[in-house]
> 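I am attaching a structure below and will ask some questions about it afterwards.
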Amino acid sequence: MGRRLSETEIQARLPVWDAIADLYLDNVVDARVIDSIARTLAASPFSVDELEAIYRYEVAPVVHGNLKTTAGEWAGWGHEWLREHMVPHVARSGRFSRWWADTRPGRWWMTADTRDDWQRVMRSVVDKRARGETAAAPAS
């Protein structure tokens, strides 16, 4: 079964969820977007492995469908929407949902549209942390 997140965990995750979810907006993901996401993630308290888990098991299952629709969300999700959808998802996620996310078809279904950009983001996160650039991204 999933787990209930504390308010502190939710507050730490909200900017991370928001940044990662930007990969799933119906917009072009250019170098500016990659840098903005990477700055937010680099400033977060989560390790690279934890960020990968948040991408694969928390964000992707909730928002991946946006890129599979004709007219997907493009303006942004917002913290309220993310909180409303991510918190219950994490609470009810169990072995099956993790198993599905780990299978080749599950990974492909939820992350094929964002995987290359995600890898660019994570390379940038590692570089930023190595250089000590861990200040949060300014609001856009």
Side-chain angles (χ1 to χ4, degrees):
M1 202 66 185
R3 69 185 196 88
R4 184 173 160 83
L5 296 172
S6 71
E7 187 58 33
T8 302
E9 290 172 307
I10 293 168
Q11 291 305 314
R13 274 175 159 72
L14 274 170
V16 171
W17 287 336
D18 196 28
I20 295 171
D22 282 353
L23 294 172
Y24 290 90
L25 293 174
D26 193 11
N27 291 325
V28 173
V29 178
D30 59 17
R32 183 189 58 77
V33 172
I34 296 290
D35 186 63
S36 176
I37 295 168
R39 280 188 287 150
T40 299
L41 301 186
S44 79
F46 302 104
S47 70
V48 168
D49 289 342
E50 289 169 320
L51 291 170
E52 178 71 27
I54 292 168
Y55 165 71
R56 285 178 59 182
Y57 304 124
E58 296 177 19
V59 179
V62 173
V63 299
H64 74 90
N66 191 61
L67 294 178
K68 294 170 178 57
T69 63
T70 304
E73 175 63 39
W74 55 269
W77 309 98
H79 283 195
E80 286 304 311
W81 188 95
L82 289 166
R83 182 187 188 101
E84 231 175 78
H85 290 83
M86 296 293 183
V87 172
H89 169 75
V90 171
R92 72 176 174 266
S93 292
R95 271 192 246 163
F96 177 78
S97 60
R98 276 195 175 251
W99 170 83
W100 171 244
D102 285 336
T103 65
R104 178 173 274 146
R107 256 193 331 269
W108 176 84
W109 182 248
M110 292 187 285
T111 65
D113 297 321
T114 60
R115 195 71 198 165
D116 291 343
D117 291 329
W118 174 249
Q119 290 171 349
R120 289 172 49 211
V121 165
M122 290 313 295
R123 281 192 299 272
S124 184
V125 167
V126 169
D127 289 347
K128 288 177 183 315
R129 286 181 171 176
R131 291 191 310 260
E133 297 175 25
T134 57
S140 39

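Quick note: numbers below take in every heavy atom, side chains included, and nothing from hydrogens, waters or symmetry partners. One is the number of the first residue; the rest follow in order along the sequence.
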> Roughly how far apart are H85 NE2 and H89 NE2, rounded to 0.5 Å?
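Rounded to the nearest 0.5 Å, the NE2-NE2 separation comes out at 12.0 Å.
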
> Grab the two heavy atoms, one from W17 and one from L82, that are nearest each other, plus how far apart they are.
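So the minimum-distance heavy-atom pair works out to C-CD1, 4.1 Å.
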
> How far does OH of Y55 sit from CG of L41, to the nearest 0.5 angstrom?
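Reported to 0.5 Å precision, the distance equals 12.0 Å.
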
> Going by an N to O cut-off under 4.0 Å, is there a salt bridge joining D35 and R32?
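Judged by the 4.0 Å cut-off on N to carboxylate O distance, D35 and R32 do not form a salt bridge.
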
> Quick one: list whatever passes side chain to side chain donor-acceptor pair (under 3.5 Å) with E84, sequence neighbours left out.
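Residues passing side chain to side chain donor-acceptor pair (under 3.5 Å) with E84: none at all.
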
> Mind checking side chain to side chain donor-acceptor pair (under 3.5 Å) for E133 and listing every partner two or more places apart, or none if nothing turns up?
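Here the qualifying residues are R131.
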
> Run the side-chain contact (heavy atoms from CB on, under 4.5 Å) test on D117 and R120 for me, step by step, so that the C-alpha distance in whole Å, both residues' side-chain angles and the decisive distance to 0.1 Å come before the verdict.
CA-CA 5 Å; D117 291 329; R120 289 172 49 211; 3.0 Å; yes

> Can you tell me how far OG of S44 sits from CZ of R129, rounded to the nearest 0.5 angstrom?
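That separation rounds to 5.0 Å.
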
> Any heavy-atom pair between the side chains of I10 and E7 that's under 4.5 Å?
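E7 vs I10: side chains touch.
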
> Could you walk me through whether D18 and L14 pass side-chain contact (heavy atoms from CB on, under 4.5 Å), step by step?
CA-CA 6 Å; D18 196 28; L14 274 170; over 6 Å; no

> Please report the C-alpha distance between D49 and E52 in whole Å, then the side-chain angles of each, then the deciding distance to 0.1 Å, and finally whether the side-chain contact (heavy atoms from CB on, under 4.5 Å) criterion is met.
CA-CA 5 Å; D49 289 342; E52 178 71 27; 5.6 Å; no

> What distance do Q11 atom CD and L5 atom CG have between them, rounded to the nearest 0.5 Å?
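The CD atom of Q11 sits 11.0 Å away from the CG atom of L5.
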
> Testing the basics here: between M86 and E58, what is the closest heavy-atom pair and its distance to 0.1 Å?
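Answer, listing the atom of M86 first, then E58: SD-O, 3.4 Å.
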
> Apply side-chain contact (heavy atoms from CB on, under 4.5 Å) to residues T111 and W118 and explain how you reach the verdict.
CA-CA 9 Å; T111 65; W118 174 249; over 6 Å; no

> What distance do T40 atom OG1 and L51 atom CG have between them, rounded to the nearest 0.5 Å?
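Here the rounded value is 11.0 Å.
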
> Between atom CD1 of I34 and atom CD of Q119, what is the distance when rounded to the nearest 0.5 Å?
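Those atoms lie 10.5 Å apart.
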
> For E80, is the CD atom crowded, meaning more than 12 foreign heavy atoms sit under 6.0 Å from it?
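Atom CD in E80 is not crowded, with 12 or fewer foreign heavy atoms closer than 6.0 Å.
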
> Side chain to side chain donor-acceptor pair (under 3.5 Å) with S6: which residues, sequence neighbours excluded?
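Once residues adjacent in sequence are excluded, the partners of S6 under the side chain to side chain donor-acceptor pair (under 3.5 Å) criterion are E9.
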
> Heavy atoms only: give me the nearest E50-S47 pair and the separation to one decimal.
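Where E50 meets S47 most closely, the heavy atoms are OE1-N, 2.7 Å.
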
> State, yes or no, whether a side-chain contact exists between Y24 and D113 at a heavy-atom distance under 4.5 Å.
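The answer is no; the side chains never approach within 4.5 Å.
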
> Are any of the side-chain heavy atoms of W81 and V63 separated by less than 4.5 Å?
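Yes. Closest side-chain heavy atoms under 4.5 Å.
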
